[in-house]
Amino acid sequence: MEKQSNSLVVRLVGSLVGYMRRFLFRFLSVGPIPCHVAFILDGNRRYARKWKMDDRMGYKVGFLALMRLMRCCHELGVKYITVYVFSIENFKRRPEEVQNVMELMLEKIEGLIKEEGILNQYGVRMEFVGNLKLLAEPVRIAAEKAMRLTAHHKSLVLVVAVAYTSTDEITHAAQECCQDKAAHGNQQQLVEVADVERHMYMAVAPDPDILLRTSGETRLSNFLLWQTSNSLLYSPAVLWPEVGLHHLVWAVLNFQRVQSYLHKRRNCLYLSTQ
Ligand SMILES: CC(C)=CCC/C(C)=C/CC/C(C)=C/COP(=O)(O)OP(=O)(O)O
């Protein structure tokens with residue numbers, strides 16, 4: 001009896017929180033909603049050490065934080081989210097650390113693509129970007145399967161950057177441009193910005209409106225260098241597993257403030273040229 005009434009209270013509190021969140025999002029939707037939010041998931045191991053847990057547990061809690069934010073982004077109407085999960089530099093970590101992340105990724109990808117998983121529930125398309133050849137084979141195969149199975153989903157795109165660095169992406173795109181031109185006998189023709197952009201791994205998404213990096217770090221760490229020249233950068237001083245709805249709301253409010261300032265400035269420039 002006591003158990004039943006406890007679960008009723010939990011359900012009631014859950015639906016009240018959901019109701020308040022939707023109300024908050026309605027209020028935010030009066031202004032422009034970012035189309036693309038990118039995240040650098042910084043501080044998972046520090047979180048694990050802070051709470052005296054195994055590093056793997058830190059990544060698991062980090063994954064739950066990602067799912068929480070993805071749900072919020074979906075409700076808010078964001079169309080793309082990109083997460084920097086593993087850089088090419090990260091392969092230089094101790095082999096057991098690399099293996100921990102690869103095993104977790106495999107486990108999570110397999111969980112996500114299940115029939116009843118969140119990707120089907122919310123209509124999320126998954127894209128993996130980076131030098132995927134560097135991934136352990138089972139992870140690469142699972143990533144390709146996830147992209148294939150979710151290719152028809154239209155509600156939200158979850159872009160996962162693995163074995164990724166921006167400098168590798170730009171070099172790879174430049175090489176492909178040159179090969180393309182050579183194959184079409186166009187060696188004399190100059191490479192244009194649009195040619196490079198077409199060959200970027202990130203051609204699957206528009207440039208991010210917001211880049212949120214946790215743990216108070218303000219470095220880009222070789223992430224989306226080409227794509228973030230106009231993005232709003234926000235770096236709350238919390239570890240990734242501690243990130244929450246209020247950080248997303250604060251980032252969106254700041255994005256809206258900058259948008260309205262840019263809009264006013266454009267109007268001024270327009271009027272002064274009349
Ligand atoms: C399928 C899918 C999207 C899986 C994602 C799973 C996930 C949360 C991976 C985190 C990986 C990672 C290396 C984060 C950085 O923390 P860190 O190790 O650099 O921590 P630190 O900053 O405290 O050192």
Non-hydrogen atoms of [X] and [Y] that approach each other most closely:
{"X": "R45", "Y": "D55", "result": "CD-OD2, 3.6 Å"}
{"X": "L76", "Y": "I33", "result": "O-CG2, 3.6 Å"}
{"X": "L28", "Y": "Q256", "result": "O-NE2, 2.9 Å"}
{"X": "V159", "Y": "A205", "result": "CG2-CB, 4.4 Å"}
{"X": "A146", "Y": "M126", "result": "CB-SD, 4.0 Å"}
{"X": "V191", "Y": "C177", "result": "CG1-SG, 4.0 Å"}

Student check: side-chain heavy atoms of [X] and [Y] closer than 4.5 Å:
{"X": "R26", "Y": "R21", "value": "no"}
{"X": "I118", "Y": "V124", "value": "no"}
{"X": "L220", "Y": "L224", "value": "no"}
{"X": "R11", "Y": "S7", "value": "yes"}
{"X": "E192", "Y": "E197", "value": "no"}
{"X": "E89", "Y": "S221", "value": "no"}
{"X": "R257", "Y": "L253", "value": "no"}
{"X": "L104", "Y": "K60", "value": "yes"}

Between V157 and V204, does a side-chain contact (heavy atoms from CB on, under 4.5 Å) hold up when you go through it step by step?
CA-CA 9 Å; V157 183; V204 294; 5.8 Å; no
Is the number of heavy atoms from other residues, nucleotides or ligands under 6.0 Å of [X] [atom1] greater than 12?
{"X": "R56", "atom1": "CZ", "answer": "no"}
{"X": "E96", "atom1": "CD", "answer": "yes"}
{"X": "M147", "atom1": "CE", "answer": "yes"}

For side-chain contact (heavy atoms from CB on, under 4.5 Å), just list the numbers for L248 and C73, CA-CA rounded to whole Å, side-chain angles, deciding distance to a tenth of an Å, and then say yes or no.
CA-CA 8 Å; L248 180 67; C73 285; 4.1 Å; yes
Check whether [X] reaches the backbone of [Y] with its side chain - one donor and one acceptor, N or O, closer than 3.5 Å.
{"X": "S231", "Y": "L211", "answer": "no"}
{"X": "S235", "Y": "E217", "answer": "yes"}
{"X": "W240", "Y": "N44", "answer": "no"}
{"X": "R49", "Y": "G58", "answer": "no"}
{"X": "S87", "Y": "N90", "answer": "yes"}
{"X": "N222", "Y": "S166", "answer": "yes"}
{"X": "Y84", "Y": "Y164", "answer": "yes"}

Spatial distance of atom [atom1] ([X]) from atom [atom2] ([Y]) [nearest 0.5 Å]:
{"X": "I81", "Y": "L69", "atom1": "CD1", "atom2": "CG", "value": "7.5 Å"}
{"X": "R94", "Y": "N100", "atom1": "CZ", "atom2": "CG", "value": "8.5 Å"}
{"X": "T82", "Y": "I40", "atom1": "OG1", "atom2": "CD1", "value": "11.0 Å"}
{"X": "F128", "Y": "M105", "atom1": "CZ", "atom2": "CE", "value": "6.0 Å"}
{"X": "T214", "Y": "R46", "atom1": "OG1", "atom2": "CZ", "value": "8.0 Å"}
{"X": "R125", "Y": "L158", "atom1": "CZ", "atom2": "CG", "value": "10.5 Å"}

Indicate whether the side chain of [X] and that of [Y] have a donor and an acceptor atom separated by less than 3.5 Å.
{"X": "Q175", "Y": "Q179", "result": "no"}
{"X": "Y47", "Y": "E242", "result": "no"}
{"X": "Q227", "Y": "E169", "result": "yes"}

Does the plane of the ring in H247 sit parallel, tilted or perpendicular to the ring in Y234? Use 30° and 60° as the thresholds.
tilted
Parallel under 30°, tilted from 30 to 60°, perpendicular over 60°: which one fits the rings of Y122 and H74?
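Plane angle between 30° and 60°, so tilted.
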Quick one: do [X] and [Y] end up in the same hydrophobic cluster if we chain Ile, Leu, Val, Met, Phe, Trp and Tyr together by side-chain heavy atoms under 4.5 Å apart?
{"X": "V196", "Y": "F223", "result": "no"}
{"X": "Y80", "Y": "M67", "result": "no"}
{"X": "L66", "Y": "L239", "result": "no"}
{"X": "W226", "Y": "V37", "result": "no"}
{"X": "M200", "Y": "I88", "result": "no"}

Test log, rule salt bridge (charged side-chain N to carboxylate O under 4.0 Å, His left out), inputs R140 and E144:
CA-CA 6 Å; R140 188 173 42 73; E144 284 163 359; 3.7 Å; yes
Please determine whether side-chain contact (heavy atoms from CB on, under 4.5 Å) holds for the pair T150 and E127, giving the CA-CA distance in whole Å, both sets of side-chain angles, and the decisive distance to 0.1 Å.
CA-CA 9 Å; T150 61; E127 294 282 353; over 6 Å; no
Is there a side-chain contact (heavy atoms from CB on, under 4.5 Å) between V160 and V129? Walk through the geometry before answering.
CA-CA 6 Å; V160 182; V129 297; over 6 Å; no
Please assess D180 against R198 for the test salt bridge (charged side-chain N to carboxylate O under 4.0 Å, His left out), listing each intermediate value before the final yes or no.
CA-CA 11 Å; D180 228 26; R198 219 181 15 258; 5.0 Å; no
Aromatic ring proximity, centroids under 6.0 angstrom, F86 and F91:
yes
Can you list every side chain to side chain donor-acceptor pair (under 3.5 Å) pair that touches residues 201-211, not counting sequence neighbours?
D168-Y201
